[in-house]
Amino acid sequence: MRKQIVAGNWKMNNDLAQTEALISALKNQTKTTDAEVMIAPTATNLWQAYNALKGTQIEVIAQNMHFAENGAYTGEISASMLKSIGVNTVILGHSERREYFNETDELLAKKVDAALAKGMRVIFCFGEELADRKAGKEEAVVGSQIKNALFHLNAAAFQNIVLAYEPVWAIGTGETASPEQAQDMHAFIRATLADKYGNDIADEVSILYGGSVKPANAEEIFSKPDVDGGLIGGAALNADDFFAIVNAF
Ligand code: PGA
């Protein structure tokens with residue numbers, strides 16, 4: 001059975017005091033589902049968050065990392081550095097990384113390799129822009145993002161890959177893909193995986209939806225058969241909202 005996952009991507013929000021306050025509020029919440037719960041605070045607060053949440057059901061994960069092991073990459077963080085502070089999962093390929101930091105499929109393939117080589121789990125994000133969807137090219141775009149960054153991997157690698165479909169037009173805009181649009185795309189993604197790796201692998205990979213998931217729409221989106229959870233931005237910054245989404249399964 002593939003895992004259900006709700007991951008909160010805090011993006012560049014919350015200083016240390018705000019991180020501590022939000023974590024305290026999260027610790028007061030009760031989880032009523034089997035879904036795995038993760039939060040991704042900003043890099044400077046990962047260690048604090050890891051310690052504050054040790055022994056709880058909330059995993060602390062990173063928003064990004066570099067592909068190199070170490071060296072002259074000013075401002076960057078490696079997989080080993082993350083692992084050394086207890087962080088074993090990393091989000092890669094978020095559309096904001098692609099758009100503002102010029103991350104390409106080729107670069108992301110290297111980052112995925114580096115994370116997997118260290119035994120980390122990857123939440124790999126991708127999704128089409130509004131113009132792609134208007135032109136009816138959403139499947140072509142998503143298919144090529146997945147193939148370019150992931151299809152050099154062997155089947156076993158997918159034990160440590162979670163996919164996150166995030167249509168760019170729905171991120172932070174208040175606009176969500178309809179549950180049917182999400183299901184259609186997730187089914188396409190699973191079929192794309194099955195074509196290359198077979199049904200057994202495709203059935204085991206969790207595919208999350210991201211893009212303006214809120215307490216009011218989470219239940220309907222998560223009820224779709226190929227939607228295995230969510231990557232949550234804005235609503236993850238409020239403990240009540242985030243746990244309402246966690247409990248929407
Ligand atoms: P959002 O962000 O929930 O604020 O739309 C989702 C994401 O970027 O992962």
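Owing to the predicted nature of the structure, the values given are computational and were not obtained by experimental measurement. Atoms within each ligand, like the ligands themselves, are counted from 1 in listed order. Starting from 1, each residue takes its place in the sequence as its number.
- Applying the salt bridge (Lys or Arg N to Asp or Glu O under 4.0 Å) rule to Arg97 yields the partners Glu103; only residues at least two apart in sequence or on another chain are considered.
- Judged purely by distance below 3.5 Å, without hydrogens or angles, the side chains of Gln48 and Thr19 never pair a donor atom with an acceptor atom.
- Annotation for ligand 1: atoms under 4.0 Å from non-hydrogen atoms of Gly172 are 1 (P), 4 (O), 5 (O).
- Within ligand 1, counting atoms from 1 as listed, the ones closer than 4.0 Å to a heavy atom of Ser212 are 1 (P), 3 (O), 5 (O).
- Under 4.0 Å from ligand 1, the heavy atoms of Ala170 that appear belong solely to its backbone.
- Of all protein heavy atoms, the one lying nearest to atom 3 (O) of ligand 1 is Gly233 N, 2.9 Å.
- The pair Glu204-Arg2 fails the salt-bridge criterion, with no side-chain N (NZ, NE, NH1 or NH2) lying under 4.0 Å from an Asp/Glu carboxylate O.
- Looking at ligand 1, you won't find any N or O of Lys214 less than 3.5 Å from one of its N or O atoms.
- Taking the six-membered ring for Trp and the full ring otherwise, Phe151 and Tyr197 have centroids separated by under 6.0 Å.
- By the 3.5 Å distance cut-off applied to N or O atoms, Gly234 is counted among the residues near ligand 1.
- Side-chain atoms of Gln181 and Tyr209 form no donor-acceptor pair, as typed in the model, at a separation below 3.5 Å.
- Residue contact annotation: Gly211 has a non-hydrogen atom under 4.0 Å from ligand 1.
- Of the N or O atoms in Thr173, none lie within a sub-3.5 Å distance of an N or O in ligand 1.
- For ligand 1, the atoms sitting less than 4.0 Å from at least one non-hydrogen atom of His94 are 7 (C), 8 (O), 9 (O), numbered in the order shown with element in parentheses.
- Across Ile61, Ile232, Val60, a single residue satisfies side-chain contact (heavy atoms from CB on, under 4.5 Å) together with Met38, and that is Ile61.
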